Amino acid sequence: MTGQPLPGFRDFFPEDHSTLRSLFSAWREASRRSGFVEFEGPELEALELYTEKSGEEIIGQLYHFKDKGDREVALRPELTPTLARMVAARHRNYRKPIKWFSIPRLFRYERPQRGRHREHYQWNCDIVGEKGAAADAELIATLCLGLSLLGLGPKDVVVKVSDRGWWDLFLADQGVKEEKRAEVLRILDKLEGAPTEEWKKKLGALAEPIGNALDSKIALSEGLEQVRQAVGALGYADWCEVDLRIVRGLAYYTGIVFEVHDRAGKLRAVAGGGRYDHLLKKLGGEDLPATGFGMGDAVLSELLTEKKFLRAESTPPAIFVVAESAERNLALQIAGNLRRNGEAVDYDPGSGKWVKQLELAEARGARWALLVGREAAQGKLLVKELATRKQGEIAFRKSADGAISLEPGVGDWAKVVAS
RNA sequence: GCGGCCGUAGUUCAGUUGGUAGAACUCCAGAUUGUGGUUCUGGCUGUCGCGGGUUCGAAUCCCGUCGGUCGCCCCA
């Protein structure tokens, strides 16, 4: 069997693509309403843009190769390095805070599995140049708005918020050296539930103090408190929970971090993000505080499918022109005119019979069929509403310049058909 | 990188203890060349994922490989 996509890559047939578009619409709308502006960068970047940040070991997970100019290049696995590059190049042209969003297609060379392919689309929102936790709250609110536009609510998902800064202080207090803290957090990221023997094995003496810290609800850091207030005021208090165990795998996060999970806890994280205040400088740019999140299409689609919230964004033609073969030329003229006037118009380009043309009109999902037949000799056309099977008569007139006007116009066809 | 399950027409699948392939739907063409969601008729397509092995003979058994899927590792 030929014609399969490469492993981990997906074909989007029109019906699949329309559901993808409905995700994009929600993402764009939430971004727009929240004051983010869209940007885009190259899909292909220099390999070193990624190894600089994460070291050589990331190469194994990258889709990389040598181009014809002998450059080591990689398909972008994430957008942040590109964002950092672009911000570094022109951030003086933009008043802070910078609020940018993008919907990049990202790539990873990894084993495909549920909710995870070698390619996916990811909604990214970032705020650069604002170090206060209010910026983190703003991102969380934008994220929630996006999810709500897709029909999801606090009953379906939960935003788990944590604070890496708090962990830094806590671990320092426990005498954990700076270079060992990331490792402890990584272990923590894997553990679930209450302290167990497994905790002790992996965390040693830290198991008990960490367990106690997780239990106490009063341990809210200043940052978490600010986020709680701002997110509450923005209207998303019931979407969020403090969960200190969320620490995110990546080493570069510095402050507030968060993840979105389905309430049932069956799927991978739907979205994740947090503050990365030193990353831009590390990538060779300006020392600007930054925070952001990413939400992939794969897990989100699974969740929406499960909830039956997935909607297709279909765009059928409004009008399908059906023509008798003798009137074909006139039909084309009418179609062209309607299109220039802003209508979505389709017709059967083959030499289809009357019946076939009507069938195609139906299959295309058009609302109206405009029948161009023998009545045309008297300056008349028939308009048919396909769903109701009702039809009426309208008139057309050709002017000297070739323009064709219909009487009544498309907006009033419903009346013609009803009478 | 490791393990479980799977791989048959465009699609969803059936194929009985191994005897060289079927259904439904879709699509295309028709049912006295102007009215479509029903009905009827006819038609198209498969190297049964690929390669090798066992056998007189394999879609069916064995091995390998590629791909899919689920999980582990890892992470966005």
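Computed from a predicted structure; not experimentally measured. Protein chains get the first letters and strands the later ones, always in sequence-line order, with residue 1 at the start of each.
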- Message: Under a 3.5 Å threshold, yes or no: a donor from one side chain and an acceptor from the other, between A/Glu259 and A/His261?
- Response: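 Checked: A/Glu259/A/His261 side chains pair up, N/O donor to acceptor below 3.5 Å.
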- Query: Just by distance, with hydrogens left out, do A/Thr82 and A/Glu45 show a side-chain donor and acceptor under 3.5 Å apart?
  - Reply: yes
If I pick the [atom1] atom on [M] and the same atom on [N], what distance separates them, to the nearest angstrom?
N: B/rC2; M: B/rC44; atom1: C1'; value: 45 Å
N: B/rG18; M: B/rC70; atom1: C1'; value: 31 Å
N: B/rC74; M: B/rC61; atom1: P; value: 37 Å

- The single option from A/Arg105, A/Arg10, A/Arg116, A/Arg21 that satisfies salt bridge (charged side-chain N to carboxylate O under 4.0 Å, His left out) with A/Asp297 is A/Arg10
- Kindly say whether, by distance alone, the side chain of A/Gln391 makes a donor-acceptor pair under 3.5 Å with the base of B/rU35? yes
- Message: Categorize A/Gly365 for me: base, sugar-phosphate, or nothing, with a 4.0 angstrom heavy-atom threshold over every strand shown.
- Response: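 If one applies the 4.0 Å heavy-atom cut-off, A/Gly365 turns out to touch nothing in the nucleic acid.
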- Message: So A/Gly373, base contact, sugar-phosphate only, or nothing? Heavy-atom distance under 4.0 Å.
- Response: base
Select one nucleotide: of [options], the one nearest the side-chain heavy atoms of [X].
X: A/Gln61; options: B/rC74, B/rU35, B/rC72; result: B/rC74
X: A/Pro7; options: B/rG67, B/rC75, B/rU69; result: B/rG67
X: A/Lys353; options: B/rC2, B/rG30, B/rU35; result: B/rG30
X: A/Arg268; options: B/rU35, B/rC75, B/rG3; result: B/rC75
X: A/Lys356; options: B/rG71, B/rA29, B/rG68; result: B/rA29

Short N/O separations, protein against nucleotides 37-40 of chain B, under 3.5 angstrom:
residue	atom	partner	partner atom	Å
B/rG37	N7	A/Arg389	NE	3.2
B/rG37	N7	A/Arg389	NH2	2.6
B/rG37	O6	A/Ala387	O	3.4

- What residues in residues 116-128 of chain A put a non-hydrogen atom under 4.0 Å from any atom of RNA chain B? A/Arg116, A/His117, A/His120, A/Gln122
- Query: Between A/Arg71 and A/Lys66, is any pair of side-chain heavy atoms under 4.5 Å apart?
  - Reply: no
- Item | A/Arg85 vs A/Pro42 side-chain heavy atoms within contact, under 4.5 Å | yes
- Item | Secondary-structure string, 5' to 3', Watson-Crick or G-U under 3.5 Å, | for another-strand partners, for RNA chain B | (((((((..((((........)))).(((((.......))))).....(((((.......))))))))))))....
